Amino acid sequence: MFFAQIRAVGCALPPYIVTNDELATHMDTSDTWIRERSGIVERRRVADGVGTSHLAIEASQQALQQAGLKGEDLDLILASTLSPDYYFPGIGVQIQHGLGCRNIPAIDLRAQCSGFSWGLATADAFMRTGRYKRVLLVGAEIHSRILELSNRNRNFSVLFGDGAGAAILETQTGEEVPTAQNCIRGLIDHEMGTDGSCAEMLYLRRPGNAGEPTFQDLGEVRSEASLAHMDGQQVFKHAVTRMCAVMETLLTRNGLRPADLDLVIPHQANLRITEMLRRKFDLPEEKVVSNIHKYGNTTAATLPLCMVDAQADGRLAPGKLVATVTFGAGFTWGANLLRW
Ligand code: UT7
């Protein structure tokens with residue numbers, strides 16, 4: 001039997017820290033509002049000249065180094081971002097080249113904040129066939145360049161930050177695969193879902209190909225259509241409902257009670273969402289990872305950034321039973337169960 005195990009994680013964070021006070025110099029907001037409504041204290045911003053693929057490559061190199069591997073040892077890349085360097089091709093091919101990999105497949109996976117969760121599920125499915133042995137999964141985002149620091153976009157632009165995270169997965173073989181009940185380390189189960197009827201509740205319309213005569217129009221550059229749009233309250237409600245439901249599904253299917261989990265890694269969109277999830281499952285604070293205060297919402301990079309942090313503080317240690325849970329634009333949602 002083949003199954004997947006996470007062998008190492010890595011991250012890349014631009015050094016520049018954007019404080020809430022700095023944002024308040026550009027729009028009518030305040031440190032108090034941002035902290036109270038979202039839990040965010042600061043986030044990172046890349047310098048000019050840095051691309052999303054650069055962050056992705058840096059995070060991947062760190063993960064490879066942790067695993068004692070080189071780019072040439074990989075046989076599949078899965079890359080998730082909503083903020084690629086180019087409209088096409090995606091960043092997967094740039095990662096393949098930047099890491100000096102062989103001519104392996106590099107798949108771009110678009111699922112926004114659920115990208116890394118779906119990437120774990122996709123990697124697991126490929127690896128269980130025995131076809132791919134060493135898989136790199138990356139989530140990388142540069143949000144800062146699509147954020148307009150203005151009053152009209154303030155409900156969106158204070159929430160997001162730049163960063164990247166990566167994981168190296170390695171195929172293991174054995175008589176048994178990991179389950180919630182045995183102690184075998186590896187990926188156990190996944191759940192994914194979408195509701196495309198809500199696509200326009202959180203989206204960036206232009207430039208694009210939704211039917212306008214041109215892909216991009218100079219006159220639109222400062223129009224509402226070229227700003228990311230979010231119906232914050234609706235997104236919030238759906239996030240809480242879907243994240244709780246997908247977690248419930250994963251627990252029930254695997255015969256688990258919430259208390260059986262050693263750690264929960266939720267997508268970091270809003271501290272209030274994480275808290276509602278934590279209370280719903282009656283989990284103590286130390287069992288639910290939260291780093292939104294440092295990085296804001298980093299979309300596809302969030303789960304691996306949480307993994308790096310939780311590994312550093314000792315909560316993510318070999319043998320721990322872990323659930324991830326995500327929700328994002330689409331709407332998309334996901335959950336993964338794994339033994340670290
Ligand atoms: O990762 C993908 C998933 N994303 C999410 O899950 C995000 C979900 N949504 C949220 O996190 C929250 O809805 C927000 C943090 C975006 C907003 O919090 P809220 O408690 O839902 O606030 P609200 O939208 O109801 O706005 C309350 C007030 C409004 O003013 P009025 O109408 O009461 O006068 C807004 O105009 O806060 C105002 N406001 C702001 N004030 C200061 C909106 N943004 C800001 C801001 N600073 N940045």
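Here the structure is a predicted model, which is why all the values come from computation and not from measurement. Note that ligands are numbered from 1 as they come in the structure, with each ligand's atoms numbered from 1 the same way.
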If you measure from the Lys or Arg side-chain nitrogens to the Asp or Glu carboxylate oxygens, is any gap between R257 and D260 under 4.0 Å?
-> yes
Give the residue and atom name of whichever protein heavy atom lies nearest to atom 1 (O) of ligand 1, and the separation in Å to one decimal.
-> N297 ND2, 2.6 Å
Heavy atom of H267, distance to ligand 1 below 4.0 Å | yes
May I ask you to establish whether K287 and F281 are in a cation-pi arrangement, using a distance under 6.0 Å from NZ or CZ to the six-membered ring centre and at most 45° from the ring axis?
-> no
Inspect the surroundings of CZ in R152 and state if more than 12 heavy atoms from other residues, nucleotides or ligands are less than 6.0 Å away.
-> yes
Around R110, counting heavy atoms of other residues, nucleotides and ligands shown, do more than 12 lie under 6.0 Å from its CZ?
-> no
Please work out whether any backbone atom (N, CA, C, O) or any side-chain heavy atom from C-beta onward of T299 is under 4.0 Å from ligand 1, and answer side chain, backbone, both or neither.
-> neither
Answer yes or no for atom 5 (C) of ligand 1: protein heavy atom present at a distance under 4.0 Å?
-> yes
Look at atom 7 (C) of ligand 1 and say which protein heavy atom is nearest, naming residue and atom and giving the distance to 0.1 Å.
-> M230 SD, 3.8 Å
Please indicate whether M276 has more than 12 foreign heavy atoms, meaning atoms of other residues, nucleotides or ligands, lying under 6.0 Å from its CE.
-> no
Hey, does C113 sit under 4.0 Å from ligand 1 if you only count heavy atoms?
-> yes
Closest non-hydrogen protein atom to atom 22 (O) of ligand 1, residue and atom name please, with distance?
-> R37 NH1, 3.3 Å
Number the atoms of ligand 1 from 1 as they appear, then name those within less than 4.0 Å of a heavy atom of L202, with their elements.
-> 2 (C)
Among N270, L23, N151, which residue places a heavy atom closest to atom 15 (C) of ligand 1?
-> N270
Nitrogen or oxygen of G232 less than 3.5 angstrom from that of ligand 1 | yes
Could you list which atoms of ligand 1 come closer than 4.0 Å to a heavy atom of D28?
-> 42 (C), 47 (N)
If you measure every N/O of S30 against every N/O of ligand 1, is any gap under 3.5 Å?
-> no
Heavy-atom nearest option to atom 43 (C) of ligand 1, drawn from W33, F327, F156 = W33
Could you check if a side-chain atom of F327 sits within less than 4.5 angstrom of a side-chain atom of H267, using non-hydrogen atoms only?
-> no
Considering only the protein, which heavy-atom contact is closest to atom 38 (C) of ligand 1, and what is its distance?
-> R154 NH2, 3.6 Å
Any protein heavy atom lying closer than 4.0 Å to atom 34 (O) of ligand 1?
-> no
Nearest protein heavy atom with distance in Å, relative to atom 47 (N) of ligand 1 | T29 OG1, 2.7 Å
Protein heavy-atom partner closest to atom 3 (C) of ligand 1 - residue, atom, separation in Å = V235 CG1, 3.6 Å
Are more than 12 heavy atoms from other residues, nucleotides or ligands located less than 6.0 Å from atom CG of D282?
-> no
Is the distance between the ring centroids of F331 and H238 under 6.0 Å?
-> yes
Within 4.0 Å of some non-hydrogen atom of N155, the atoms of ligand 1 are 16 (C), 43 (C), 44 (N)
Side-chain contact, heavy-atom cut-off 4.5 Å: L23 with T25?
-> no
Output the list of atoms in ligand 1 that are nearer than 4.0 Å to some heavy atom of I273, sorted by atom number.
-> 6 (O)
Answer side chain, backbone, both or neither: which part of Q112 comes under 4.0 Å from ligand 1, heavy atoms only.
-> neither
Count the heavy atoms belonging to other residues, nucleotides or ligands that lie under 6.0 Å from OH of Y86, then report whether that count exceeds 12.
-> no
Atom 19 (P) of ligand 1 touched by protein heavy atom at under 4.0 Å | yes
Please state which protein non-hydrogen atom is closest to atom 21 (O) of ligand 1 and give its distance, to 0.1 Å?
-> Q233 CG, 3.6 Å
CD of E200: more than 12 outside heavy atoms within 6.0 angstrom?
-> yes
Would you tell me whether E42 and N20 have side-chain atoms, one donor and one acceptor, within less than 3.5 Å of each other?
-> no
List the steps and the verdict of side chain to side chain donor-acceptor pair (under 3.5 Å) for D195 and S197.
-> CA-CA 5 Å; D195 181 359; S197 70; 2.6 Å; yes
Ligand 1 N/O within reach of R272 N/O, cut-off under 3.5 Å | yes
Would the number of heavy atoms belonging to other residues, nucleotides or ligands and lying under 6.0 Å from CZ of F215 be above 12?
-> yes
Does the protein put any heavy atom within less than 4.0 Å of atom 31 (P) of ligand 1?
-> no
